[in-house]
2 protein chains.
Amino acid sequence: MNSTPDTRQRILSTARELFHANNYADIGIKQICDAAQVQKGSFYHFFPSKRDLALAVIEDMADDWAHGFVHEAFDQALPPMERLDYLIDAAYYWQKAAKDIEGRMPGCLFGNLVLELSTRDDVLRAKLSAVFDKTRLRFEETLQQAVETGALAPLDTNLTAQAMLAYLEGMILLAKSRNEPELIQHLGPAIKGIRIELSH
Amino acid sequence: MNSTPDTRQRILSTARELFHANNYADIGIKQICDAAQVQKGSFYHFFPSKRDLALAVIEDMADDWAHGFVHEAFDQALPPMERLDYLIDAAYYWQKAAKDIEGRMPGCLFGNLVLELSTRDDVLRAKLSAVFDKTRLRFEETLQQAVETGALAPLDTNLTAQAMLAYLEGMILLAKSRNEPELIQHLGPAIKGIRIELSH
DNA sequence: CATTGACTAGACCGACCGGTCAACTATACT
DNA sequence: AGTATAGTTGACCGGTCGGTCTAGTCAATG
C-alpha cells in the first residue's frame, strides 16, 4: 500500500519551512526540490502546480496549527482567560526560537500569505480566511466559557474573538517589522482587555 | 533647473498603485513602465534598481500618509479620543473605496510590504519600521493629551500606542483575508479600550 | 554654432521561472 | 512471468525577469 515513502510529505514540509522563512514568490520549485532532495518530475507528480502546493501547504500547516500550537494554547484544563496568557507566551517563544535559528522573525505564515497573495488569488484568500475563522472559534469558545464562569461580563463573543485574533496578528506584524519577538511579550497582555459589547 | 517634467514622480505614483493593489514580486519593471508610459531606459535613469524604487515608494507614500491620512485623522482640533474614531472611519472608507474600484481590498501598503519583504531585506524592513514608528508617535501624543485632559487614566503611552497600531494593522489584515472592509467598522471601536499599564 | 549633460528610446542579455515530457525503475497484482 | 501502475529522473521549453547598453533627442550653456 504505502509505496510512497514520504516524498510528498517531505516536499510539503520543506515548502512550508521555506515559505515561512522567506516568502511565496521568492521560493522557486527548483529550490524546494533541492532542499527536499526530490526531482522536479516527482514534484509535479504530486502537485499539479505551485499554486496547488500553496493550497496543500496551508492545509498541512493548518492541521498542525490546530492540533499543536492552538490546541496547547487553548488548553481546556486552564481557566479560560489564562489561556490567553498561554497563547501569547507560545507565540513569543515560537517567534523567538525561529529568530534564534534564522536570524529573522518569520511572523505568522498565514498572515504573510494573506498579505502577499490574497489580492491575486481568491481561492487562496478564502482558504486562509477559513483558517483564521477556525482559530477565531477557539477564541470564541474561550470567551464563552469565561462569560459562563463569570470571569468576564457578557459581551459580543464573536466580534471580540475576531478582535483578539486581529490584535494577535497585528502584534506579530509589528514585531516582524522590528525583528523583535519581545514586542509580543510587551504588547501581549492587552489582549485580555479587548472587548466588543453586544449591540443593542 | 527643473528640466525633468514629472517622469520620476509618475513612475513613483504608478509603482505605488501597482504595488498596493497587487504585491511587490508580481509587478515587473516593464509593467510599471508601460503603465507610467515611460521607457525602461528612463526608469533606470532615475532608479538604480527595483529595490531602490521600493525604498523610494515607501518614502513617497510615507510622506503622503503623514500629511494626508494620518494628519487628518489625528486632527488636533478634535478631542483626543475622538480622533481614534475618526481614524477607524478613515481606514474603513479608504479600503472600501479601493475595493469598490479594484474589487479587492488592498490592505495597508506598509503592512503588505513588511510581511512580504522584511525577511529578505533588512534595510527595507528598517525603513518600514520607521514609518510605523512615526505613526506610533501620533497615537502616543494623542494618548498623552487624553491623559492630560483627564479623559484617560494614566497608562504606558508608548506601549499602548504600539498596541493600538498593532490592532489597526491586524484589523486590516483580517479584513483583507475576508475581503470585507466592513470588518474594520465592526472591530474598530475596541481600539479605544486598549490599555497597557505603566510597569511598577 | 558647438558642446554639454540630463533624459529618452528600445534592442538586447543571461539567468531563472513554472511547467512539460519521454524514458526509466520499482512495486503490486493477476 | 507478465503487465499495469505509481513513482522517479533530468533534459528541455518558452516566457519573463531585472538589468545593461548604445544611440540618440533636446534644452541650456559657451
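Chain A is the first sequence line, chain B the second, and so forth, proteins listed ahead of strands; every chain is numbered from 1.
The cationic group of B/K50 lies under 6.0 Å from the six-membered ring centre of B/Y24 and within 45° of the ring axis, placing it in a cation-pi geometry.
Summarising the geometry, the separation between CZ on A/F47 and C1' on C/dT20 is reported as 18 Å, rounded to the nearest angstrom. Going from atom NZ of B/K50 over to atom P of D/dT20 covers 15 Å, rounded to whole Å. The distance from atom CZ of B/F43 to atom P of C/dG10 is 17 Å, rounded to the nearest whole Å. The nearest whole Å value for the distance from the NZ atom in A/K30 to the C1' atom in C/dG19 is 14 Å. Counting to the nearest Å, the P atom of C/dA26 and the NE2 atom of A/H45 are 16 Å from each other. With rounding to whole Å, A/L53 atom CG is found 14 Å from C/dG19 atom C1'. Atoms CD (A/Q37) and P (D/dT9) sit 10 Å apart, rounded to a whole Å. Here the P atom of nucleotide C/dT20 and the OH atom of A/Y44 are 7 Å apart, to the nearest Å.
Residue contacts shown for A/G41 include a base, since a base heavy atom lies under 4.0 Å away. A/I27 comes within 4.0 angstrom of the backbone, heavy atoms only, and of no base. Using a 4.0 Å heavy-atom distance criterion, B/K40 is classed as a base contact.
The aromatic ring centres of A/F74 and A/F139 sit less than 6.0 Å apart.
Side-chain proximity of B/Q39 to C/dA9, C/dA6, C/dG19: nearest is C/dA9. Out of C/dG18, D/dT20, D/dA6, the shortest distance to the side chain of A/I29 is found at C/dG18. Side-chain proximity of B/F46 to C/dG19, C/dT8, D/dT8: nearest is C/dT8.
A donor-acceptor pair is defined here as one N or O able to donate and one able to accept, closer than 3.5 Å; no such pair exists between the side chain of B/R136 and the backbone of B/A161.
The pair B/D34-B/K30 meets the salt-bridge criterion, since a charged nitrogen lies less than 4.0 angstrom from a carboxylate oxygen.
The side chain of B/T7 contributes an N or O atom lying less than 4.0 Å from OP1 or OP2 of C/dT8.
When only modelled atom types and interatomic distance are considered, B/Q76 and B/E141 share a side-chain donor-acceptor pair under 3.5 Å.
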